[in-house]
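Worksheet: one structure, shown below.
In what follows, every heavy atom counts, from backbone to side chain, and hydrogens, waters and symmetry copies are set aside. Every number for a ligand or one of its atoms is a count from 1 in the order of the listing. For this chain, numbers begin at 1 and follow the sequence in order.
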Amino acid sequence: MLNRHARGFFTALFTPLARWLLKIGVSPDTVTILGTAGVAAGALVFYPLGQLFWGTVFITAFIFSDVLDGIMARMQDVKSRWGNFLDSTLDRIADGALFAGVSVWFFTGGNNGAIAVCALLCLVLGMVVSYARAKAESLGFTANVGIAERAERLVSVLVVTGLTGLGLPAVVLLATLVLLAAASLVTVVQRVLSVRRQALAEPTPAD
Ligand SMILES: CCCCCCCC/C=C\CCCCCCCC(=O)OC[C@H](COP(=O)(O)OP(=O)(O)OC[C@H]1O[C@@H](n2ccc(N)nc2=O)[C@H](O)[C@@H]1O)OC(=O)CCCCCCC/C=C\CCCCCCCC
Ligand SMILES: O=P([O-])([O-])O[C@@H]1[C@@H](O)[C@H](O)[C@@H](O)[C@H](O)[C@@H]1O
Ligand SMILES: [Mg+2]
Ligand SMILES: [Mg+2]
């Protein structure tokens with residue numbers, strides 16, 4: 001939902017930067033790879049040290065590379081199946097690192113097992129959400145539905161983790177992660193039902 005509503009705004013915002021990067025010879029793939037490396041490094045270095053605020057600032061500086069790479073690819077007119085594959089696969093690394101970083105901190109110095117476990121739950125359920133869509137698309141169905149798509153998952157965890165680093169009580173992060181895990185589970189169900197409907201509507205092959 002956020003994706004669909006905010007895409008126009010972010011496209012307008014990042015188009016000048018995309019144009020400049022292409023002009024100096026940077027490719028969309030480079031942006032995809034460096035952006036993922038930045039997000040993963042921020043999550044796996046800052047968060048496990050308990051630097052939740054600065055970690056979030058660092059990650060946020062890199063996370064929009066995922067918007068930028070697509071704009072660059074479309075400008076170059078090289079929107080490719082390879083680029084689609086690379087973008088989606090590296091998104092899983094970024095997402096995994098993000099929730100793993102939160103989990104590691106709360107299993108160790110952060111001393112809050114409930115948050116650590118909920119972050120792990122969000123990681124796993126978020127991967128299933130993405131997998132359901134990818135598998136559906138590989139079979140010729142669509143599954144672009146759900147209340148917790150990637151933009152929602154990222155915005156909620158980043159904003160609340162960053163604010164926790166500034167002193168927001170940890171219970172707010174716990175509540176956010178519980179809600180996010182529940183919303184991710186609902187999204188999995190929404191996607192399964194959507195594919196089920198499409199499968200049932202298919203003509204039965206004649207024998
Ligand atoms: C108190 C703090 C307040 C902070 C408030 C912040 C509020 C923020 C509010 C809203 C943010 C909303 C963000 C939503 C962004 C959505 C915009 C968008 O376009 O999303 C899409 C992106 C990208 O998706 P995808 O990768 O699938 O699309 P692409 O456009 O890249 O196209 C893919 C195709 O392109 C081709 N291609 C790609 C790559 C390549 N190498 N070659 C190619 O050919 C190919 O054909 C592909 O198929 O989706 C996202 O999900 C990105 C979401 C990012 C959301 C980040 C949100 C961060 C928000 C806030 C963080 C604030 C932290 C502040 C903390 C302060 C604490 C005090
Ligand atoms: O399925 P989901 O995880 O909510 O969202 C997806 C992203 O995570 C994926 O990386 C992208 O390539 C897809 O187009 C889709 O936006
Ligand atoms: Mg992208
Ligand atoms: Mg992406």
Side-chain angles (χ1 to χ4, degrees), residues 1-15 18 21-22 26-36 38-39 42-43 46 51-96 98-99 122-138 142-168 172-173 176 180 183-184 186-188 190-192 194-195:
M1 196 176 65
L2 257 184
N3 183 351
R4 281 175 278 282
H5 286 97
R7 189 175 277 272
F9 171 77
F10 284 99
T11 299
L13 187 67
F14 287 113
T15 291
L21 287 172
L22 287 173
V26 178
S27 74
D29 287 1
T30 304
V31 170
T32 306
I33 292 166
L34 290 182
T36 305
V39 171
F46 286 93
Q51 294 289 336
L52 300 184
F53 175 73
W54 289 111
T56 303
V57 170
F58 190 92
I59 291 165
T60 303
F62 283 92
I63 202 118
F64 287 104
S65 63
D66 192 26
V67 181
L68 194 55
D69 58 6
I71 299 172
M72 290 170 69
R74 283 184 283 278
M75 276 182 160
Q76 255 192 341
D77 221 10
V78 295
K79 266 193 73 177
S80 63
R81 292 201 300 153
W82 156 252
N84 186 322
F85 169 81
L86 182 73
D87 184 309
S88 291
T89 303
L90 296 198
D91 284 353
R92 303 291 75 76
I93 293 178
D95 295 358
L98 191 51
F99 287 100
C122 289
L123 191 165
V124 173
L125 288 165
M127 294 290 167
V128 181
V129 167
S130 303
Y131 176 81
R133 176 169 174 161
K135 185 69 183 176
E137 288 175 353
S138 79
T142 59
N144 54 348
V145 292
I147 58 173
E149 293 187 295
R150 185 162 186 257
E152 285 81 7
R153 301 197 297 276
L154 291 181
V155 171
S156 55
V157 72
L158 282 173
V159 170
V160 181
T161 301
L163 291 174
T164 305
L166 285 181
L168 189 74
V172 180
L173 179 57
T176 303
L180 183 57
S184 301
V186 169
T187 303
V188 172
Q190 288 176 295
R191 290 186 175 187
V192 169
S194 163
V195 172

- Message: Taking 4.0 Å as the limit for heavy-atom contacts, which would you say applies to Thr32 with ligand 1: side chain only, backbone only, both, or neither?
- Response: side chain
- Asp87 atom (N/O/S) at minimal separation from the Mg ion (ligand 3): OD2
- Over 60° means perpendicular and under 30° means parallel, so classify the ring planes of Phe10 and Phe14, tilted if in between. parallel
- Message: Looking at ligand 2, would Arg191 count as a contact under a 4.0 Å heavy-atom criterion?
- Response: yes
- Note on the structure: Taking only non-hydrogen atoms of Glu149 and a 4.0 Å limit, the atoms of ligand 2 in range are 4 (O)
- Task: Counting heavy atoms only, name the option from Leu163, Val160, Leu90, Val159 that's nearest to atom 62 (C) of ligand 1.
- Result: Val159
- Message: Is Glu152 close enough to touch ligand 2? Criterion: a residue heavy atom under 4.0 Å from a ligand atom.
- Response: no
- Query: Which N/O/S atom belongs to Asp69 and is the closest one to the Mg ion (ligand 3)?
  - Reply: OD1
- Message: Using every non-hydrogen atom in the two residues, find where Val145 and Ser194 come nearest and quote the distance to one decimal.
- Response: CG2-CB, 4.1 Å
- Does Leu166 approach ligand 1 within less than 4.0 angstrom via side chain, backbone, both or neither, non-hydrogen atoms only? side chain
- Item | N or O contact, Asp29 vs ligand 1, cut-off under 3.5 Å | yes
- Who's closest to atom 30 (O) of ligand 1 heavy-atom-wise, of Arg81, Gln76, Glu152, Arg74? Arg74
- Task: Ignoring hydrogens, just give me the one of Leu68, Val31, Asp66, Val39 whose non-hydrogen atom is nearest atom 31 (O) of ligand 1.
- Result: Asp66
- Task: For Asp91, take its heavy atoms, then give the atoms of ligand 2 lying under 4.0 Å from any of them.
- Result: 9 (C), 10 (O)
- min-distance protein heavy atom vs atom 16 (O) of ligand 2 -> Arg133 NH1, 3.9 Å
- Query: Heavy atom of Phe53 under 4.0 Å from ligand 1?
  - Reply: yes
- Task: Considering heavy atoms of the protein only, find what lies nearest to atom 5 (O) of ligand 2 and give residue, atom and distance to 0.1 Å.
- Result: Arg150 CB, 3.8 Å
- Considering Ser88, Ser130, Ala151, which one's heavy-atom position lies nearest to atom 3 (O) of ligand 2? Ser130
- Task: Show which atoms of ligand 1 fall inside a sub-4.0 Å distance from at least one heavy-atom site of Ile63.
- Result: 56 (C)
- Got the closest protein heavy atom to atom 8 (O) of ligand 2, with its distance? Arg92 NH2, 2.6 Å
